[in-house]
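To keep things clear, I will list the structure first and then write my remarks on it.
Values below: all heavy atoms of this structure, side chains included; hydrogens, waters and symmetry mates excluded. In each ligand, atom 1 is the first atom listed, and ligand 1 is the first ligand listed. Numbers for residues simply follow the sequence, beginning at 1.
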Amino acid sequence: MCGIVGYVGPAAASSFLLEGLRRLEYRGYDSAGIVTLHDNDLHIRRAVGRIDRLASCIDSRPISGNIGIGHTRWATHGPATQENAHPHVGGDGELAVVHNGVIENFQQLKEDLIARGYVFKSATDTETIGHLIADGLRQSEDAVGRPGIDEDTRYIEAVRGAINQLRGTYGIAVVFRDRPDLMIAARFGSPLVVGIGRGENFIASDASPLAGHTDRIVYLADHQLAIIKANHLSVLHRDQGKVHLDIRPLEAEADAVSLEGYDHYMLKEIYEQPDSVRNAMRGRLDEENATAKFGGLNLTPQQLRGVERIILTGCGTSWHSAMVGEYLIEEFARIPVEVEYASELRYRNPPIDSGTLVFGITQSGETADTLAALREMKRKGHRTLALCNVVASSIAQAADGGVYLHAGPEIGVASTKAYTSQCCVLAMLALYFGRLRHMSFEAGEKFIEDLKKLPGAVQQALSCDVHVREVAAKYKDATNFLYLGRQYNFPTALEGALKLKEISYIHAEGYPAAEMKHGPIALVDEKTPSVFIIPRGTTYEKVMANIEEVKARRGPIIAIACDDDPRIASLADDVIRIPETPEYLQPIVSVVPLQLLSYHVALLRGCDVDKPRNLAKSVTVE
Ligand code: M6R
């Protein structure tokens, strides 16, 4: 969580910093702040809440300066107050620092610094970093001029000395009151990207703020420090000196993160799904061999045939797509699959056989638990693959190989298009693994035909939008919802409930429809809507019986059902229609009305759809 930006060059730093923070606001929005250097002084502006409030604060008290850093915060240590907003100052104002991550040993460091006279003004762990760097600078005041010690070295060593004392994760950027030409950044566990411009350089937590400013970027790796000036960039390993600059092209368009006429990113991303699903499949369907193909698995067909077990791990929505993956891979490839919450897997010590392949599923590629779980599996010698959206993200880099979703930037905190793309890629993996084993050519051909119809089916599902809005208006004041489905529709029930919870703040529970009578049915009354996901399939009749059970207890029923299902209308209070799709691909279609339902309910309740309270898009802390 938290987003960092930095600029050094000839332009006014504050405009890049503000715009960059807007593009990173999905990483946290409890408070924001920037600092620039001008006339040998640090000029800081901070505001609680969104970037707009920071922008108004800067409008009323403008700041100049050609170097600066900025931060948008998701609070970990200390509430969302102005005092806790970054940037934080080190020493008596010798420097300012912004930080993304969590310093686990900050309390101990803080006590030590206080004992040595440093004064803390916030409850954050970050302020510790600032004082540690200031301490390093003070200790080396007289060192300049000694062999090997120039001005730059002194500042670099102060940062290096500070980060060597930190336990935890950090992406930091630092500017110094007495060095208006110098910015230093460092990372361990939290991402940082340097943008190389002409006579100017940038830093950001991901590449999105850099789009439109440069097309050349360098991803910092763990334990690296970047020394950044307007006409200079060098990267050092914390312990080993200079490293070679791996300059990559930045392909992102600034436009890809604009609303393009939609009121919210979430709505835009829901509507992008016919394309994002198409893009997930682009170039990956091998019709000649009736299978799928993937460029980046880095495993030979022989190695893949040797896989005896698969672990799919992730968090939140990505964990739900893992469940869809479990059903698909077990049915079509006949490989046993286990789905693990990454936050549990990282600390568990389950017996894992050598033939096990571990997939980390993640939109952002930065989720701390998923990253840690994958690293732990890798450490134990298992093959790890990432299924992720953000190119070159930490998880993409940590895994042995993987598959990108190609869904394009997902900005809304509620994951929508990344979910359907994950399910789609998992379906293709099931096909691929199946065809490496026993699946016939004809079955492979049929699978591909079904996949090719998906973008059209998703497009058709979107046509329920107007009706869903009416349904949302009818139920928007309910305080509890149940989401129920069986087999392939059970993960969809979980995902529908999560979507509603996270953006409308209504309590919702997803359950396997038949499990309802083992407890949750006690919640049913005339005020608690039950959303049944009941497209035609093997358990259709069984779920109809579950609907009867809820109906008998006066529970309102919203059904997500196939276009040509006449029976459901007599039972459900409201029916939202979706096109008929083979059962195993239904998750990709039936989730669409549930995304829209949560969107409209949240909107009608006046909630901030794209930036729900207490949440952030990338959960980079444990
Ligand atoms: O980026 P990731 O897919 O790893 O994120 C995992 C979860 O934090 C994420 O899916 C979260 O649950 C979403 N806000 C759900 O909409």
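In this pair, His71 and His86 present their aromatic rings parallel. The plane angle is below 30°, not in the 30 to 60° band. Taking the six-membered ring for Trp and thresholds of 30 and 60 degrees, Phe188 and Tyr170 have ring planes inclined between 30 and 60 degrees apart. Ring geometry for Tyr599 against His264 counts as perpendicular: the plane angle is over 60°, on a 0 to 90° scale with 30° as the lower cut.
Atoms of ligand 1 lying under 4.0 Å from at least one heavy atom of Ser318, given by number and element, are 2 (P), 3 (O), 10 (O).
With respect to the salt-bridge test (charged N to carboxylate O, under 4.0 angstrom), the residues Glu25 and Arg22 do not qualify. Between Lys611 and Asp52, none of the side-chain N atoms (NZ, or NE/NH1/NH2) sits under 4.0 Å from a carboxylate O, so this pair counts as no salt bridge.
For Leu267 against Leu596, the heavy-atom pair with the smallest separation is CD1-CD2, 4.0 Å.
Counting protein heavy atoms only, atom 1 (O) of ligand 1 is closest to Ser364 OG, 2.6 Å. Counting only heavy atoms of the protein, atom 16 (O) of ligand 1 lies nearest to Glu502 OE2, 2.4 Å. The single protein non-hydrogen atom nearest to atom 8 (O) of ligand 1 is Val619 CG2, 3.8 Å, given as residue, atom name and distance. With hydrogens left out, the protein atom closest to atom 6 (C) of ligand 1 is Cys315 O, 3.3 Å, a heavy atom. Atom 5 (O) of ligand 1 has as its closest protein heavy atom Thr367 OG1, 3.4 Å. Scanning all protein heavy atoms for the shortest distance to atom 9 (C) of ligand 1 gives Thr317 N, 4.0 Å.
Between Tyr26 and Tyr265, the ring centre distance reaches or exceeds 6.0 Å.
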Quick one: side chains of residues 388-400, donor-acceptor pairs under 3.5 Å with protein atoms, not counting sequence neighbours, listed by atom name and distance.
| from | atom 1 | to | atom 2 | distance (Å) |
| --- | --- | --- | --- | --- |
| Asn389 | OD1 | Ala407 | N | 3.0 |
| Asn389 | ND2 | Gln363 | OE1 | 3.0 |
| Asn389 | ND2 | Gly408 | O | 3.0 |
| Ser393 | OG | Val390 | O | 2.8 |
| Ser394 | OG | Glu366 | OE1 | 2.6 |
| Ser394 | OG | Glu366 | OE2 | 3.4 |
| Gln397 | NE2 | Ala392 | O | 2.5 |
| Asp400 | OD2 | Thr384 | N | 2.8 |
| Asp400 | OD2 | Thr384 | OG1 | 3.2 |

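Using a 4.0 Å cutoff on heavy atoms, Ser618 does not count as a contact of ligand 1. Within the 4.0 Å heavy-atom shell around ligand 1 one finds Ala414. Contact annotation: Glu366 has no heavy atom less than 4.0 Å from any atom of ligand 1.
Looking at Ser415 next to ligand 1, an N or O pair under 3.5 Å apart turns up. The N/O atoms of Gln363, backbone and side chain alike, include one that comes under 3.5 Å of an N/O atom in ligand 1.
At a heavy-atom cutoff of 4.0 Å, ligand 1 is contacted by the side chain of Lys499 but not by its backbone.
Relative to the six-membered ring of Tyr505, Arg605 misses at least one condition, a distance below 6.0 Å or an angle of at most 45° to the axis.
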